[in-house]
Amino acid sequence: MAEKRFEKLYTQGVVDVVEIWVDQYTGVNYLWHGSGNAGGLTPLLGRDGKPVITPLMNMED
């Protein structure tokens with residue numbers, strides 16, 4: 001079975017949902033917002049405007 005590329009780190013809400021997902025290959029965090037039949041995904045940015053990166057334990061250079 002293939003490894004999961006994305007892992008959910010955080011979830012909030014039931015109908016109006018906010019989730020944070022991390023890309024297991026790059027460490028980039030994404031913000032998902034869903035409400036009813038609509039939703040959107042965007043990179044999660046820090047104060048400096050750069051993407052939030054989660055350090056990965058199994059990264060190979």
Side-chain angles (χ1 to χ4, degrees):
M1 182 175 212
E3 291 184 36
K4 290 184 184 179
R5 170 114 191 213
F6 295 93
E7 179 181 346
K8 187 180 345 179
L9 297 181
Y10 175 81
T11 188
Q12 160 185 315
V14 177
V15 176
D16 197 26
V17 179
V18 174
E19 297 175 347
I20 297 175
W21 290 81
V22 64
D23 182 332
Q24 296 297 302
Y25 295 162
T26 64
V28 175
N29 286 243
Y30 293 90
L31 178 70
W32 162 260
H33 180 256
S35 181
N37 291 339
L41 182 73
T42 187
L44 185 61
L45 304 178
R47 285 184 169 193
D48 57 1
K50 296 180 182 177
V52 174
I53 307 291
T54 297
L56 302 174
M57 300 294 252
N58 299 327
M59 285 289 294
E60 293 183 24
D61 294 328

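What you see below is based on every heavy atom in this structure, not just the backbone, and it leaves out hydrogens, waters and symmetry mates. It should be emphasised that the depicted structure is a prediction, and the values quoted were computed from it without experimental measurement.
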Evaluate the side-chain proximity of [Y] to [X]: yes if any heavy-atom separation is below 4.5 Å, no if none is.
X: E19; Y: V17; answer: yes
X: Q12; Y: I20; answer: no
X: L9; Y: T54; answer: yes

Report task. Determine the minimum heavy-atom distance between V18 and L31, stating which atoms define it. Result -> CG1-CD1, 3.6 Å
Query raised in the report: Where is the tightest heavy-atom contact between V22 and Q24, given as atom of each residue plus distance?
Result: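 In this case the closest contact between V22 and Q24 is CG1-NE2, 3.1 Å.
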Query raised in the report: Has D48 got more than 12 heavy atoms of other residues, nucleotides or ligands less than 6.0 Å from its CG?
Result: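 Count over threshold, so yes.
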Report task. First locate atom CG of L44, then atom OH of Y10, and finally report the distance between them rounded to the nearest 0.5 Å. Result ->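 Answer for the CG-OH pair, L44 versus Y10, is 11.5 Å.
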Query raised in the report: Could you give the distance from CG (N29) to CH2 (W21), rounded to the nearest 0.5 Å?
Result: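 So the CG of N29 and the CH2 of W21 are separated by 12.5 Å.
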Report task. Would you check if the side chain of D23 reaches a backbone N or O of V28 as a donor-acceptor pair within less than 3.5 Å? Result ->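 Here the side-chain-to-backbone pair does not exist.
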